[in-house]
Amino acid sequence: QVQLVEAGGGLVQPGGSLRLSCAASGRTFSRLTMGWFRQAPGKEREFVSSISWNGGSTYYADSVKGRFTISRDYAKNTGYLQMNSLKPEDTAVYYCAASVRVVAGPRGSEYNYWGQGTQVTVSS
């Protein structure tokens, strides 16, 4: 079993930045693909980004390309999502997810474990 704990959400003004973190435990971190999804009120959950086991492959939703950066720290067993140039439409609950696949993409079904979510609100 894998436990995922997110942190770093909050309220930020448009154009601002936040960094989300996802601490993983219960399985060798280097054998987990890490992903981020988000769900806005009244909308379906959507894929944001993912990073492969070795960090060599990263994927982003078109809506966040060039603004968000996914990374991972093997020493800390933690994944990160750096979010810059935030827009009001980025407001959502952000969920960390982990997959036992070497590489995982945008389908939620590819992921085996989920965090509890952290709220990100972009508003002036």
Side-chain angles (χ1 to χ4, degrees):
Q1 192 72 6
V2 173
Q3 292 77 45
L4 302 173
V5 179
E6 300 110 330
L11 173 65
V12 64
Q13 291 186 342
S17 298
L18 281 175
R19 188 177 77 157
L20 305 183
S21 63
C22 176
S25 61
R27 179 183 169 98
T28 302
F29 183 69
S30 60
R31 293 187 177 273
L32 289 172
T33 286
M34 304 299 293
W36 290 93
F37 290 75
R38 66 186 182 186
Q39 188 167 20
K43 294 187 177 181
E44 294 187 353
R45 182 181 63 195
E46 64 173 356
F47 171 77
V48 176
S49 183
S50 67
I51 185 167
S52 60
W53 280 21
N54 65 359
S57 297
T58 57
Y59 302 93
Y60 295 94
D62 288 343
S63 59
V64 306
K65 277 181 184 175
R67 300 188 297 122
F68 290 11
T69 302
I70 193 170
S71 62
R72 60 192 301 164
D73 185 330
Y74 295 93
K76 295 182 178 180
N77 289 351
T78 300
Y80 300 96
L81 184 69
Q82 177 67 44
M83 306 186 294
N84 298 330
S85 302
L86 282 162
K87 305 175 181 179
E89 50 263 44
D90 294 318
T91 295
V93 177
Y94 283 70
Y95 295 92
C96 173
S99 172
V100 299
R101 296 176 180 228
V102 176
V103 177
R107 295 189 301 271
S109 59
E110 296 180 83
Y111 297 81
N112 308 94
Y113 308 100
W114 295 82
Q116 81 286 356
T118 186
Q119 177 70 46
V120 171
T121 302
V122 185
S123 175
S124 55

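For the pair R45 and W114, the cation sits on the ring face: its NZ or CZ lies under 6.0 Å from the ring centre, inside 45° of the axis.
A single hydrophobic cluster is not seen to contain both Y60 and V103; linkage of ILVMFWY side chains at heavy-atom distances under 4.5 Å, directly or through other members, places them apart. Under a hydrophobic-cluster definition in which Ile, Leu, Val, Met, Phe, Trp and Tyr are linked whenever side-chain heavy atoms come within less than 4.5 Å, directly or via other members, V2 and W53 are assigned to different clusters. By the rule that hydrophobic residues join a cluster once side-chain heavy atoms approach within less than 4.5 Å of another member, V100 and I70 end up as members of one cluster. Under a hydrophobic-cluster definition in which Ile, Leu, Val, Met, Phe, Trp and Tyr are linked whenever side-chain heavy atoms come within less than 4.5 Å, directly or via other members, Y111 and V48 are assigned to different clusters. Linking ILVMFWY side-chain heavy atoms closer than 4.5 Å, directly or via other members, places F68 and V12 in a single hydrophobic cluster.
The distance between the ring centers of F47 and F37 falls below 6.0 angstrom.
Across all non-hydrogen atoms, the minimal contact from L20 to G9 is CD2-N, 3.6 Å. Across all their heavy atoms, D90 and S85 have their closest contact at OD2-O, 4.4 Å. The heavy-atom pair separating S123 from P14 by the smallest distance is C-CD, 3.6 Å. The two residues M34 and C96 have their closest heavy-atom pair at CE-SG, 3.7 Å. T78 and K76 get closest at one heavy-atom pair: OG1-O, 2.8 Å. Scanning all heavy atoms of the two residues, the minimum distance from Y113 to Q1 falls at CE2-OE1, 4.0 Å.
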Give the C-alpha distance, both sets of side-chain angles, the deciding distance and a yes or no for side chain to side chain contact (heavy atoms under 4.5 Å, CB included) between T91 and V120.
-> CA-CA 5 Å; T91 295; V120 171; 5.9 Å; no
Can you check side chain to side chain contact (heavy atoms under 4.5 Å, CB included) on S49 and L81, steps first, answer last?
-> CA-CA 8 Å; S49 183; L81 184 69; 4.2 Å; yes
Kindly determine whether Q119 and Y94 satisfy side chain to side chain contact (heavy atoms under 4.5 Å, CB included), including the steps that lead there.
-> CA-CA 6 Å; Q119 177 70 46; Y94 283 70; over 6 Å; no
Derivation of the side chain to side chain contact (heavy atoms under 4.5 Å, CB included) call for S57 and I51 | CA-CA 6 Å; S57 297; I51 185 167; over 6 Å; no
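Around CD of E89, the count of heavy atoms belonging to other residues, nucleotides or ligands within 6.0 Å exceeds 12.
Within the 3.5 Å criterion, the main-chain N or O of E46 finds no donor-acceptor partner in the side chain of Q39. T28 places no side-chain N or O within 3.5 Å of a backbone atom of S30 that could act as its donor or acceptor partner. A distance-only check finds no donor-acceptor pair linking the side chain of S124 to the backbone of Q13 [under 3.5 Å]. Of the possible donor and acceptor atoms, none in the side chain of S52 sits under 3.5 Å from a partner among the backbone N and O of V102. No donor-acceptor pair under 3.5 Å is formed between the side chain of T118 and the backbone N or O of A7. Formation of a donor-acceptor pair under 3.5 Å by the E110 side chain with backbone atoms of G105 is found in this model.
Between C22 and W36, some side-chain heavy-atom pair lies under the 4.5 Å cut-off. Taking the side chain as every heavy atom from C-beta outward, V64 and R38 approach each other to under 4.5 Å.
Judged by distance alone, the side chains of Q3 and S25 do bring a donor and an acceptor atom under 3.5 Å apart. The closest side-chain donor-acceptor pair between S17 and N84 falls under 3.5 angstrom. Side-chain atoms of Y80 and R19 include no donor-acceptor pair closer than 3.5 Å.
The OG1 atom of T58 lies 9.5 Å from the NZ atom of K65; values are rounded to the nearest 0.5 Å. Here the CZ-OG1 distance, from R72 to T33, works out to 6.5 Å after rounding to the nearest 0.5 Å.
Relative orientation of the F29 and Y74 rings is perpendicular, given thresholds of 30° and 60° on the angle between their planes.
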